[in-house]
Structures are given as structure tokens and as C-alpha cells.
Protein chains: 2
Amino acid sequence: MKNLILLVILSISGLLFSQENLLKYVNPFIGTEKMGHTYPGATAPFGSVQLSPDTDTISYELNGKYNPDVYKYCAGYRYEDKTITGFSHTHFSGTGHSDLGDFLVMPTVGELKMNPGTSQNPDSGFRSRFSHHEEKASPGYYAVKLKDYNINAELTATTRVGVHQYTFPESKDAHVILDLMSGIYNYDDKTVWTYVRVVNDSTITGYRQTNGWARTRTVYFAMKFSKPFKTYGRKDFDTNQVYRGFWRKFNQNENFPEIAGQKIRMHFDFDTEEGEKLMIKFALSPVSQKNALENMLAETPGWNFEEIKNKTEREWGKELEKIQIKASEKDKINFYTALYHTYLSPTVYMDVNGEYKGLDQEIHKAEGFTNYTTFSIWDTYRALHPLFNIIQPERNNDMVKSMMKHYEQISLNMLPIWSHYANDNWCMSGYHSVSVVADAIVKGVYDGDENQALNACIETANKRFYEGIGDYIDLGYIPDEHNSTSVSNALEYAYDDWAIAQAAKKLGRKDVYKVFMKRSQNWKNNFDPVIGMMRPRLKDGSFRNNFDINETHGMGFIEGNSWNYSFFVPHDPVGLATAMGGKKKFAEKLNTLFTMHLPDEFFANTEDISREGILGGYVHGNEPAHHVAYLYNWSSEPWKTQETVRHILEMQYKPTPDGLGGNDDCGQMSAWYIFSAMGFYPVAPGSENYSLGSPLVDEANINFGNGKEFKIKAINNSAKNVYVQKVMLNGVEITDFTLNHFDLIQGGELVFYMGGKPKKK
Amino acid sequence: MKNLILLVILSISGLLFSQENLLKYVNPFIGTEKMGHTYPGATAPFGSVQLSPDTDTISYELNGKYNPDVYKYCAGYRYEDKTITGFSHTHFSGTGHSDLGDFLVMPTVGELKMNPGTSQNPDSGFRSRFSHHEEKASPGYYAVKLKDYNINAELTATTRVGVHQYTFPESKDAHVILDLMSGIYNYDDKTVWTYVRVVNDSTITGYRQTNGWARTRTVYFAMKFSKPFKTYGRKDFDTNQVYRGFWRKFNQNENFPEIAGQKIRMHFDFDTEEGEKLMIKFALSPVSQKNALENMLAETPGWNFEEIKNKTEREWGKELEKIQIKASEKDKINFYTALYHTYLSPTVYMDVNGEYKGLDQEIHKAEGFTNYTTFSIWDTYRALHPLFNIIQPERNNDMVKSMMKHYEQISLNMLPIWSHYANDNWCMSGYHSVSVVADAIVKGVYDGDENQALNACIETANKRFYEGIGDYIDLGYIPDEHNSTSVSNALEYAYDDWAIAQAAKKLGRKDVYKVFMKRSQNWKNNFDPVIGMMRPRLKDGSFRNNFDINETHGMGFIEGNSWNYSFFVPHDPVGLATAMGGKKKFAEKLNTLFTMHLPDEFFANTEDISREGILGGYVHGNEPAHHVAYLYNWSSEPWKTQETVRHILEMQYKPTPDGLGGNDDCGQMSAWYIFSAMGFYPVAPGSENYSLGSPLVDEANINFGNGKEFKIKAINNSAKNVYVQKVMLNGVEITDFTLNHFDLIQGGELVFYMGGKPKKK
């Protein structure tokens, strides 16, 4: 009977329909070395909890100055490190700035140490040595041997609960450290406040409040041990604690259940038998301790680690099976790891009872949708959200709803720039939420009030005080004197305006369409016809003199030089090609980009990437050029899209810890891979059309979950046969390198016929 | 028709039944000079908001050391000061340590100043000079002319809303400062965090979080102006703000609605006409911004200052009329000001929707009771709560319920020591909540589960780790080596234990009664029969050698020396008199106390009082001896109670700003006055009996609001005729100096026959 029930569950979860377990192709270590900034720990798809090892304690400041080493630790874990300081519960995947790392937990035996110690001298603190030979990671599971303590640590997670299982040696002196000070991108004052309440001999609740990348952020927790601790205590590292004297009437450092302060570490002490497994369930909530307890009870009612892990693995299986491919083992690893990375964020930001903290720092209840946070939209509007419109339309619908709530709750009344745990950290340029909203409207994915959503886009695009928008509206460009990234801002606004126009068109709002189509042509105002490149303009209308097209810093751009941004007109490639002198000159300019040598002096100022992350002057490790390989389709040499895309797929994604050439950026780099590996890409989200490239996989089968499937086949495909000879959609040839979204989602078959030579007609 | 409605309202409010407006006898300035620590501002009875001027900005620390001047500013206002820094919304009344002072608001005209400036040079900041000639205060109303700006400031308040009315001169440069850093007992790091949200051109919401006397405290607010501001801005005084760079993409200091930080001041700017009245409604909530807005809407829907003020004045009238007296003008002022002071705390700590923050820092809903905070119980268990059992039984019932919630919510599972905005600051000794609970049970005031309440008392009395309770239980005293206030702790525990026993007796729980009656005799273990005084005892059982009965500090006591604490056996005066050698010796010892001279060297170490606050060695300004004048009733010279009480009433309470000889201590000093002025006092709360003294008033009429009244008359009373010749209760003579509570509340008449000479029989 039990087996029958299991069978039914497996059937519902879809596992039985898959030929194979796709989880085995996911390697969470990919990107944990060099610039990927991914984490290897345990999480559920889009989970609120990312329970992952942190391998050092790097401060944001060192001797009063920015510490450049902090950047490497955006995801907490560095593959090259030799020690683990503990396992914390929140991590960004692939970001180029960071925060989080809440609630570091570390099991130890022997002398109680209340400091993490240093990597040079691990014995000076509670950290432990580890080895990659005794480390495993797969979706929803991470395990490592903590050598210094002979403790096997295993981690798994549900959406809102991190679950630890520590196998201890025999000890009369076993401890679990709960470090409430530790965090990623830490700073002396980043932890604003922590509160801890020891409810009983195995339950602890509380919260941690930070002032980091998110200005005002509080995470609540509930922690339960599988067996009672014998004693516990805290160490308070705050030397400035106010009125400490009043609390000295009795010993508040040992076995005292009411704890609050800025800099607190706690320890819980146990006797353990040889091989005894101690479990910890650690639930998070954006709202309250009570909700954290509720989340724990709802998602992890029992104490069976394997059962919890298996359930999360089934969820991963279900999500990964949405695209089944035929490809080499290596490509399967790259593909499914990329797909895994696209499912790591945005993250659910809501309790099981529907409550969440809004941008107004008040408690709200999500009615009829799941609230999400961690929107790194400057990155993810490009390919991640378009990918979701294909394989995660329900979630993307909810993500747009979350953006609309953000807009309603923030007193600025703006759609999010970078939505971050009930904050906007306003990181990066543009107002690209409008692209995500427009794309969801155009593709029929958003089921809320579309006109209201369009109004939110319009209001956002008219915030005159925000990064030069007033100038942009008045002049059609942003004077270089007013803004240090005037060109990239204006170019991105122009694209965003076009996206707004597309949604307006779909909704029949002609006036809006007209206004924003006009604004979308503003890219021309920063295009200097003399040099044929984008260039900052001054208040008086003239182009700036002191200018270098190879330089990233101080030239009017962000995360890109003029070479990369001059192609940033994703919505009007025809216009851009014309401005650059016609299709042939356009091809030549693209050729130059992809083949030039960027001298070291300029590379040094290129942000967020390693040397492997660039191709000529094309910087794949940063996002502004992500669509550029596809622009050849509008040039006289469209086959160059095919060879270039295949080249990038091979060069920039490798199945090794150092396999990502740039930050994964909350899944954008990975979403680029998924699209391109299947042979198409959303050059201008907000358009119904994808642009065709060259599929890496031999076959891909997109399962929409409604009985419909879209099959992609690449006949005669190989590492050499990267050139498309012919493409047939449901037996009809495609001649314009374009695939329509609605053709895609109604299901069907796209067949690429590949060859070793470009088809130059 | 309108008049008729008003008439009905007035009738309901009881105003028509009073012969006169009692508000005129209340002088809120009494106690604002010297040691009273009262505030003159506007508040409603037991209101959450105490909107009152602050007259300086004193730091808790000066050059890294405790600043003794801060003590004077416990209530924010010093009568001797010449400038006002602004009007803040929360104040304690009469405390000897402090906190609060949230949300300082200051109207100015002319150059915008974002610092308060100094008292030596008021022009250096936004503070203003003022004069007592242009200042008024009455219950629920405060007004002052801000000389530097020619602004008339008027304040009133409802339970949860402070209402400001500022009459401006003509100006193109009028401002309202909202200072979120300012606070009482301030400290550089006391303000943990503030959040401000400018909702629209006249509404602001947010919160302020502090780490002061209350360790973890957050107050939410909603502020509305009666007319839109033209511009606004903030100044951020935090030099350590994290990731400030990211927020510099656009100007966040001017007209930017999303504000958060540790050290924020804001300004709102207006054009004003000559004589233009600008109103501000400022609502508080312990829970959320939304609740603050709800509180505002519920309590102050309109913009009529007079109407709001009149309503609060009617509430004050209703509360003051509960006792009507015949007395001299001076005594009426003292009496009704004292009565007013007894109604200032505990304070309502709950929104209009019933929500409040619990000791677990979570949101709770009060079902069927009003939740209160600000329980300075070491002070108020003595006379304030007993007074409430007579004239505020419903509120006292709710206060006990609030204590029970405190007990349930704090993970310590203890009844409150000093309940302070969802915190316990654990200030002062004993576990006197049990006295309040027991008194309410014994007097039939508590309508909750009495056995559960008794269990909470028992659990609290058995917290072994708390201030020597373990020792006290094991040894019957606390070894001097273990605790620096071992004697006062043990004496107070012994009384508290007796109170628990009384409740147990009432509930028929004989075992509990037995255990706690036994514990209540522990006072004997600190009584040294050789010197006939209380004295610290060492671990080995011997009395400490190095000991001075005149010294307050370091002798085993808190806020009292051995002279004052040796009489602290309120529950067993017969036993104490016996221990001291019988009734005659007892009288002699009391005589010595009241007539001795306390040398300056010892007075200097007596806390919280002025020279006028002591009488011989008796320190009325501190609480431990408050019952002592009544102990003569158990001696061979009971008439000394009468003359001493009358002497204290005259000496320690004067109708002037410097009229209080010690801290009013959240109403305890005033409650002593009310009881004693009516001729009786609760020597041992938990007992049904009051001990008789000598009434100051000629008549007092206690109106129970249920149709019953208790009348007290003093025949032939005068400043000289302080001796009671005979007392008749409903025509029957009282011979044991005892009035029973149940006789009192069933209504009746108590007649004192006074004379100029003691009746020595």
C-alpha cells in the first residue's frame, strides 16, 4: 500500500515520465570559482532559503577602505578556499554585489570557540578544514566532512526551511554555533539589530535586521533541534551596548532566554554518541517568528532528513524536465546546470499563510499570487524573464504581480529597479521592470489588470528626478555633465520606452504607443555619425571631446564601453544598421567587435569578468552585449550569428567550477545559454519574436505541462556543423531568422538542418 | 439640536453632576523642578501619548562617562530651563531613570537649522527661548509662546494621538522639524534605526527603534499636517551609513520619500500667513504604521483643535470626579494634581484595533481587555495599584491581565519587574507583580483565571537564577557575598511571598499558603537581634562585620539604608515589633527614625531625593519606607501615625513646581498622598485591610460609579487638630485603626473626630 502511494506521488510529480534522472547533470559547483559567484548549497526551486557553506569572513571594509576581496565572496563560497566557517541560510546566485548570509550555523566538538578564526590559522576559531574529495552537491543537497571535528554535515532545504543533519563523533563537548553577526558583504555596522528568544530546550526564534545593500531588511527565524541541548549561552561582541549595567543583575550570558543586541553569537551544547545524527530545522520568514514556526511546521513536519531531501529532489526533477534535450554528456551538464541556475531566483518572499513584508515595511497578505523578491532586473529582463514566459509562465505572472505590489507599496510609486527583500537597492541603470511587464503583457502571460500595469510602467518612465529621466524627456538625451553614465542610461531608457509602446499597442492605447515609440528613437541622439558609435553629449548638444571607445570607466557607460553599448538598440536593429552605414558596414563593425584585441589597460577597467569572459571586445560576462551576437541576423552576414553563438556557448560555459566567464547574475547568463543552446534568443523582450541562432543540442523538447510540446531538432549537427542550412517550423521554412512566441507555445516542431559551411544566401 | 446632543454627551460624561470643574485644581507644573520628574505636557488619562516640551538635549554619556545631569531630564522638561528644543510624544512621569522622548517636533521660521543648538547659545540651533509667563498647562492641554519664532504652540492629546496647533507669523520660510534622533536619556547608539515614509504632501509614517532602558523597543507613527508642505528634506547624521554610495544615484536628501537610517532629522517647509494656524496630528502605535493611521482616524477624525481638547478635558473631568473633596484651595491643588499624576501611568499599549506588541516582540491581539505598559512595579505596588482597586478597578483588572500576558509572552515566564514597551528592564528588586496580582485577587478585582494567575506568581517566585532567589529559597536569606543588595531583596521577597500566601488562602490552596507563609517569615533571617536592625548575612550564617546602618550604598540595600529597610516587614508589624523588643521599643525606634539627623556624608548617598525629601532618617522621597509612618499603629504610640502622616502631607507635597520632595515614581508618591489625605493607607497590599491615619481633607467622597459612594468626614479638622479622637464607620466605632476594603466599596460613611491632642488610649 505504501509503495502504491509512493507510485502515485511519483506519477503526479512527473518523475515516471522522464527517461532519466536529470538531477545528475546538475553540478552546483559550476561557477563557484573565478567570476561565476554561484553557491553550491541546498535550495528548493525559487526557494526563500539558500542553505550553503561560507568559506571565509570577508569585511566590506579593511582599514577604513573598500576591501576588493569582498567581491569574490558574493555567494559566500569560494572553490579555492580550504576552510568552511559555517552554513548560512540566504545567498544570492551570481550577483556582482552582495548581501545576505543570514544565520550562520556551525557544528563543532571540543573547546568552545566563539570566533570564526582565520583561514591562515583555522584552529584559532570555530571554522573547519574541508576537502573537495569529501564534498558533494546536487540540487537540494549538499554534504561535506568537517575535518577538524570529524563531523559529516548534510544540508537540504524546502522553500522556506533549511535542514541540517550533522553526524557527530562521541563527545561530551559538542556545540552548535549560531552566529548572528556573520553576513556576506559584512561591515561593522551592517547588522543593525538581532533578537533571540529561547522558547524551550530545543526551539529558538528571533530576527536579524541589517542595513546593507538592502537598506532596511529584517529576516525572522525559527530554529528547532532534533534533541534538547543541555546548556546554551551567548557572547555579546557589542562594546557600545546601551545600559548594559541594568541587565547585569543576573547572568544573561548563560542559559538566559531573552537575548537582543547588535553583535551576538550563541552556542548550544550537547553530549553526542559516536555516529549520532543531530538535525536542525531552520525556517525563515519575512514577517514574524510565529510565521517562521508555521512555515517550519507546514514544510517540514517530521524529522526524516531523507524524506525532506527526496521531496525537494522531486521538485527539482519536475522543474528540470520542462526541457529535455539530446546532447553530449558535457553539454547536458552545462545545460541542466544552467537551467538549475535559472531556477534559483527570483525567490519566494512570502510565508505559507500568504503574508509578506511590503516595500512600506508593513505586513501584507498576497491574495491569489506568490510574492517574489530578488529581482536583479537589469540582468534578468534580457533572457531570464522571457525564458520564464515559456517554461514558468505562472511564476512569471506572479513575478509581475510582485513588481506591481512593489510599485504600489513604495512611496516613490516606481516599479522595482532591484527588488531586494522589501527594499529597492536601485542598483544599475534603466527602468527595465517595464520590459518584464510589457513582455508578459505582449505574450499574454500577465493575468492581472494590464492597463494598470501599463500605467505603472508609464509612471515609472516619467520619474523626472531619477537618474536623468527629466533631461532625457526634455532633451532626448542626458547631458554628460549631469550624469556619469548618461549614454547607457539613455540607451536603456530608449529600449524600455519601446517595450512600453509594445504593451500599449497590444492594449490599443494609441497615444501611449505614439509617445513611447517616439521616445524609443532617442538612441539616435547619442549616436555620433562621425565615429559611428555611441558617445556622450554635452548640455550644448555637442559630443564630448575627451572620449575613448575602449574605456569602460568615466565614458558615459556602466559595465561596458562604447564598443559594447553602441550595439545597444535591441528594439531597432534595422535603424542601427542603417545609422552605421547599411548592412555591410554593420557586419564589418560587428566583426571588429568580435575580433579586436582589447588592450590590458582597458580590460582592467572592465567589470565583473575574467579574461575568458571576453571575445575580442565583446564582453559576454557582462549583460549589455548579450543580444549582440544575434544582430548579425540584420547584417549582410547573418551566418555569423550562428558561428558566434556556438563559439560563445563553447567558450563561456564549461562544466567545471571555473566554468562561467562572468557573474551568473541571478540566472541571466544561464538563461542566455538555455535559449542559445536551443537555437533562438529574445533580442528585444516585448516583441513576440525570437531571433534564430544555431542550436548546440541535437534535440530539445519543451514541455508546457498542458499537453503541448515544442520540439527542436538539429539535423547533422556537430561542433563543426554550426551553420544553419535551412529551418523548418512545422514543415514550413523560416526565411527571416524569426520564431514567433505564439507559434512556439502552441507546440510543434522546429527543425534545423545544419552544415559545415555558412549558407550565404 | 446640536446643543441638545452636546448636553447628552456632557450628561454621559458626568460633567453635569459635578459641582465644579476639578481640572482647574490640577497644576501639571508641580514636580517639574527639583526631584519630581513630572512633565507638564498634554496627555489623556493613561494615554499612550505624552506630548510635552523638552527643554534640553542631555546625553547619557559625556566624554565617555555617565553624565549625572541626564538624571534631571527624566521627564524631558526642567522648570528652570530657558529654552525649549521641541515637543516629543512619549514621557515617563516621575521616574528615577528614563527613556522615551520619541519624535521631537519643533516649528520654526527663518533660516533652516537642523541642530537643536545649545542652551548657552539658543540661536545656534532650532530651539527657542520661552518664558513661564507665556506658558500654560492643564490636564490635556499645554501652550507656550516660542519667543525666537513668535510662534504660539498649543498641544493636546487623545489616548493615542498627539495634536499640535502652531500659530505662525507671516513667513515664506516656515518649517516643522521632525527630529528622529532626539530622545530622553540619549546615547549615541540609542536610536538603533528609524524609517520614514512620506506618503503624500501632508502625511508621513514610519518608526523609531531604540536600545535604551528598554532593550528592544519600536514605536510606529503616522503624522498628518493640516495643510500640504511645499518642500521637505532630511539630514542624515550617520557617518557610518553602509553602502551610502548606492543611494547617491539621485538626490535622496530633498523631497525624497523613502528614508531610513540611524540618525535622521527631517524638515517640512511651508509658507504661512500672519496668524495662520498649522495643525499636526501625530499618532503612535506599538505595532505598525497602518495601525497608527487607524488610531489617528479613530481618535481624531477632524481638524478642530478645540473639539479634541474639550473631549480629552471631559475625560479628565470624569476621572478626577471619582473623588470629590472639601479642603483648602492649596490642598485641593495638591490633591487633584496628585490624583492627576496617579492617572498618568501605566499607559495604554494597544491600538484601537486591539493589536499590541508582546514581550516576544510579536504582534498580539488583546481579546476582552486593554493592554497596558509602563509598570514601575517596585514603586506602584505599594499604593497606586491598591488605589486603582478602589477607583479604577476595571483598569486594574486589565493591568493584571496585561501582566499575565507579559508572563506568557516572555520566554523567561516571569511576571513583570518593570514592564516597558514590550520589554522588561528588570529595574529594582523584588517580584512585586505578585503583590499587584494577589491584591487584585484578594479584593475580587481580577476577573481572569485566578488560579492561573496564582501559578504565575508561584513560578515567578521560584526563578532560582534571578537575583538570589535560589539562595533565598535554600537558606532563607541571600548571602552578602552573592548579591550586593541581599537584604532588601530578601525582605521584599518575604513580603511578596506573604502576598502570594494571601491569594492562595483566598483560593483555598492550602499547600501554597503554607509554603509561602513560611517563606514570608524569612525577614527574620536578616534581622540582627543584637543591633535590632536588618543586616547582611554571610554564607557562613554570621552577620557582616563591616556595616553602617546609616549608609545607603554597599550595605546590602537599594534606595534605602538599614534604618529605612529595618521596618520593611509590612505584612508582619506585630512580629517586627516583637523582634524589636515589644511595642514600646518599637515606638522608640520609630521615633529615632523620624527625628534623627542623617549626616551629610550619608545623605549624599541617598538616591533620588532632595534634602526636603527626608524627615529625620525617614526618606519619603524613596519608596521603601512609605508604609512606615503607619507602623506606629502597631506600637505603643499609635497617635504618632497621625501626626507623622500629617507632617509628611504638609512637608513633602507643595503646590509649586518644586513641590515634590522626590520622584513621583509613576504615581506612587501621589497615590500615597491620595490615601493619606483621606485618612487611610494600604500598609500591606494583599491584605483586605487599610490602616488608619489622619485625614487632611475635611471631606472626601469616593464615587464608585455603580451608584455606591463612600464618604469620609473629618470633624473639627485643622492643621493643628491632626489627632484622631474617634472614628466611626457607618455609626460603629473603629478601635483597631483598621478599615476593611469590602466595607469601603460597599459604600458608607467614615467619620473622623479630630482634636489637637493625641488620644493616648
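Listed for the E362(A) side chain is a donor-acceptor partner under 3.5 Å among the backbone atoms of Q289(B).
Using a 4.5 Å cut-off between heavy atoms, E254(A) makes no contact with chain B at all. Proximity to chain B (any heavy atom under 4.5 Å) is restricted, for S429(A), to the backbone atoms N, CA, C and O. If you measure heavy-atom distances from E61(A) to chain B, you find no contacts under 4.5 Å at all. V198(A) touches chain B through its backbone: at least one of N, CA, C or O sits under 4.5 Å from a heavy atom, while the side chain does not. Of the atoms belonging to I363(A), it is side-chain heavy atoms, and not backbone ones, that fall under 4.5 Å from chain B.
Rounding to the nearest 0.5 angstrom, the gap separating the CG atom in N211(A) from the CD atom in Q262(B) is 9.0 Å. The CD1 atom of I259(B) lies 7.5 Å from the OG atom of S411(A); values are rounded to the nearest 0.5 Å. Here the straight-line distance linking atom CG of D360(B) with atom NZ of K290(A) works out to 10.5 Å at 0.5 Å rounding. To the nearest 0.5 Å, the span separating OG1 on T216(B) from CD on Q209(A) amounts to 9.5 Å. A distance of 5.0 Å separates CD of Q252(B) from CH2 of W426(A), quoted to the nearest 0.5 Å. Note that the CD atom of Q361(A) and the OH atom of Y207(B) stand 5.0 Å from one another [nearest 0.5 Å].
At a threshold of 4.5 Å between non-hydrogen side-chain atoms, the residues R215(A) and W193(B) count as touching.
No other option in Y66(B), Y220(B), F465(B), F256(B) has as many heavy-atom pairs under 4.5 Å with chain A as F256(B). Ranked by heavy-atom pairs under 4.5 Å with chain B, the list N413(A), N200(A), N483(A), L412(A) is led by L412(A).
Here the closest heavy-atom approach between residue R197(A) and residue I410(B) is recorded as NH1-C, 3.6 Å.
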